[in-house]
Amino acid sequence: RAKQGGGGHPAFFEASMGKSAAESFRIERELRAGIPRGELRLFLQPQFSAAGEVVGAEALVRWQHPERGLVPPGVFVPVAEESDLIVELGVWVMNEACRLVAVADAAGLPLALSVNISPRHFRKPEFNSWARSVLDRTGAPPERLTLEITEGLIIDNVSDVVAKMRELSALGIHFSIDDFGTGYSSLAYLKRLPIDELKIDKTFVQDAPHDPSDAALVETILAVARQLQLKVVAEGVETAEQAEFLNSRGEVVHQGYLFGRPAPADEWLARWAADAGA
Ligand code: C2E
Ligand code: MG
Ligand code: MG
Ligand code: MG
């Protein structure tokens, strides 16, 4: 994970693990000042059906730092999650994502976006009313929005989380479990939650063609998804071999460098608009 960091930036921005307290503090201070200055950027990574059609995209935040360049989320999201700064970040991302969905919709593009939601943000009592107000204000159709949550959210306060999820899914919003298989929760909770999708973590996807235990894990996730009638997205598909492995085992949406890297939202939108017009 740390290797996603930096690309030639000072050590400060390279290691996402083992940052010193001073470094974390500096990141927090600069990000807190940077968000209102407009330094966040929304990147999108497309998701493809097995037939090769774009069926959606994941919104992935970046930080355009004035001196250090484009900073990946592995560096600052964990720091932001230590405080309510993650709420500010999440507010910006959701506003931007819903704005894009509405702009695309007005241009005749039924863009479906997945947005990562931090547990700390989701647990806020006002999360649902806030989410609804963003949809109202932007005019984004709720059914174009998927909220990616993690197993960690579900571990404590399950009934509260389930109630909030039910309320939002009644509006049309979809839910996905991100990095599925890496958490500690039991499978039993899956039945209780109004979820639509499982995202297989990239570590399993990447090793599945060669590692029998990863292969078994992927097959199990696909079997569970079939039973519960959930959509499956595979993240981190980098090779044709990985894509073929997945396609031979079930119906999977692909997200990975093999098909498309995260790029600025405007670039993807312009491209999709051109494709749709052609
Ligand atoms: P994630 O939600 O699991 O996102 C998938 C990550 O895998 C992204 O990293 C994506 O760029 C990367 N990826 C996609 N395809 C490939 C591939 O083929 N190979 C490899 N090696 N990597 C691939 P990214 O953009 O660096 O984001 C890292 C994490 O930061 C995300 O993991 C998510 O947990 C968090 N994050 C990103 N944006 C947001 C956000 O807006 N809000 C919150 N709360 N977290 C975010
Ligand atoms: Mg995600
Ligand atoms: Mg993921
Ligand atoms: Mg992941």
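Every number for a ligand or one of its atoms is a count from 1 in the order of the listing.
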Please name the atom of [X], limited to N, O or S, that comes nearest to the Mg ion (ligand 2).
X      : answer
Asp178 : OD2
Glu148 : OE1
Glu58  : OE2

N, O or S atom of Asp179 closer to the Mg ion (ligand 2) than 2.8 Å: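 Short answer: no, not a single N, O or S atom is under the cut-off.
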Closer than 2.8 Å to the Mg ion (ligand 2): does that hold for any N, O or S atom in Asn116? yes
Heavy-atom contact under 4.0 Å between [X] and ligand 1?
X      : result
Lys199 : no
His121 : no
Pro72  : no
Gly90  : no
Arg261 : no

Passes side-chain contact (heavy atoms from CB on, under 4.5 Å), Ile27 versus Val71? Steps please. CA-CA 11 Å; Ile27 291 171; Val71 184; over 6 Å; no
Under-4.0 Å heavy-atom contact with ligand 1, by part of Asp178 that carries it: side chain
Closer than 4.0 Å to some heavy atom of Lys202 - which atoms of ligand 1 meet that?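 Contacts of ligand 1 toward Lys202, numbered from 1: 6 (C), 7 (O), 12 (C), 20 (C), 22 (N).
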Using a 3.5 Å cut-off and no angle test, enumerate the donor-acceptor pairs between side-chain atoms of residues 40-57 and protein atoms at least two apart in sequence or in another chain.
unit_1: Arg41; atom_1: NH1; unit_2: Gly38; atom_2: O; d: 2.8
unit_1: Gln45; atom_1: OE1; unit_2: Gln255; atom_2: NE2; d: 2.8
unit_1: Gln45; atom_1: NE2; unit_2: Gly260; atom_2: O; d: 3.0
unit_1: Gln47; atom_1: NE2; unit_2: Gln255; atom_2: OE1; d: 2.9
unit_1: Ser49; atom_1: OG; unit_2: Ala51; atom_2: N; d: 3.3
unit_1: Ser49; atom_1: OG; unit_2: Gly52; atom_2: N; d: 3.4
unit_1: Ser49; atom_1: OG; unit_2: Glu53; atom_2: N; d: 3.2

Between Tyr257 and Arg261, is there a cation-pi geometry (under 6.0 Å to ring centre, at most 45° from the normal)? yes
I'd like the name of whichever of Trp92, Phe76, Tyr257 reaches closest to atom 13 (N) of ligand 1 through any heavy atom.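 Heavy atom nearest to atom 13 (N) of ligand 1 belongs to Tyr257.
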